[in-house]
Amino acid sequence: MLRTLIKKEFLLVGRAKNGLASLLTLNLAFLFIFHFAMEKSEPLELERLLGFKWANVFLLSFVFIGQSLWEEREGGAYRINQFYLESYLYYLVKSLVIAFFLLFFEIILILLMSVFFPKFELSSPGMLFDHMKYLTGGILSLSFLGVTLGQMSQETRLKEIVLPILLIPFSLPIFLIGMGAERDFFLFRDSNWKSYLILYAFSVFYASLGSLVQEMGINE
């Protein structure tokens, strides 16, 4: 059943090809605008580029989570899932699939940033891993949190507005800790393991909280 559920989620995302194309376009547009608007006089410092990368994470997560939940409701799969699947299992699989695609888009962004921004160095696969080890914890947290809040907002008339309003304040700790840990590592080579572990602890916390909310019957 788990394999079937994972396959269904990937097929659901694959069906929304226009949505994936729009996300890629948004990703590229955000990068080009930031490059041509901010780097005309002198190369941007790495600290600002790290902030841009995390801002892009939030933007893509908000858009992609909203698209994924809307696509499933429009296709009728959501009602079927309620009858035949454990709520927490459906929630965890959907969140992890969303996180997988967000990580894919962020890898593309990191590779492009290394081309457009001289101070954003990516000279070895190890440096890509250094970026991803912090982003992975942040993206997992945002996915678990975003799916929970997205399902809550689906019950309101203003769901397009409610989701970002709820997501912004709850995601602030993720950004502060994630950006702070990356800044310490890339600028001062200080492997702040406490912040690193806290970032992944947020993932576990939001996953557990979301599963509990699902079991309480948020969408009944």
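All values below come from the heavy atoms of this structure, side chains included, with hydrogens, waters and symmetry mates left out.
Contact check for S171 versus L142: side-chain heavy atoms found under the 4.5 Å cut-off. Within the 4.5 Å cutoff, side-chain heavy atoms of I110 are placed close to those of F120. Contact check for L50 versus H131: side-chain heavy atoms found under the 4.5 Å cut-off. With a 4.5 Å cut-off on side-chain heavy atoms, L109 and F52 count as touching. Using a 4.5 Å heavy-atom threshold, the side chains of F30 and L60 count as separate.
Put simply, CH2 on W54 and CG on L176 are 10.5 Å apart, with the number rounded to the nearest 0.5 Å. To the nearest 0.5 Å, atom CG of residue N27 and atom CG of residue N56 are 4.5 Å apart. Atom CG of residue L102 and atom CG of residue L135 lie 10.5 Å apart, to the nearest 0.5 angstrom. The CG atom of L167 sits 5.5 Å away from atom OG of S61, with the distance rounded to the nearest 0.5 Å. For the atom pair CD1 (I139) and CD1 (I174), the distance works out to 11.0 Å, reported to the nearest 0.5 Å. Note that CG of L46 is 8.5 Å distant from CE of M113, once rounded to the nearest 0.5 Å.
Of all the heavy atoms in E121 and M127, the pair that sits closest is O-CE, 3.2 Å. The minimum heavy-atom distance linking S143 with I98 is given by the pair OG-CG2, 3.9 Å. Pairing each heavy atom of L112 with each of L31, the nearest pair is CB-CD2, 3.5 Å. L140 and A99 get closest at one heavy-atom pair: CD2-CB, 3.8 Å.
Judged as a ring pair (Phe, Tyr, Trp, His ring centres under 6.0 Å), and not counting sequence neighbours, the contacts of F116 are F32, H35. Checked against salt bridge (charged side-chain N to carboxylate O under 4.0 Å, His left out), D130 has the following partners two or more places apart in sequence or in another chain: K133.
Both F36 and L49 are members of a single hydrophobic cluster when ILVMFWY side chains are connected at heavy-atom separations under 4.5 Å. Residues L199 and F188 fall within the same hydrophobic cluster, defined by Ile, Leu, Val, Met, Phe, Trp and Tyr side chains chained together at heavy-atom separations under 4.5 Å. No continuous path of ILVMFWY side-chain contacts below 4.5 Å connects F62 to L172, so the two sit in separate hydrophobic clusters.
Close placement of the Y196 and Y200 rings is indicated, their centers lying within 6.0 Å of each other. Checked against the 6.0 Å centroid criterion, the rings of F202 and F144 do not qualify as a close aromatic pair.
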Could you go through residues 203-211 and list every donor-acceptor pair under 3.5 Å that involves a side-chain atom there, pairing it with any protein atom two or more places apart or in another chain?
from	atom 1	to	atom 2	distance (Å)
S203	OG	G137	O	3.0
S203	OG	S141	OG	3.0
Y206	OH	F170	O	3.0
S208	OG	V204	O	2.8
S211	OG	A207	O	2.9

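Looking at K53 and E182, a side-chain N of the basic residue comes within less than 4.0 Å of a carboxylate O on the acidic one, giving a salt bridge.
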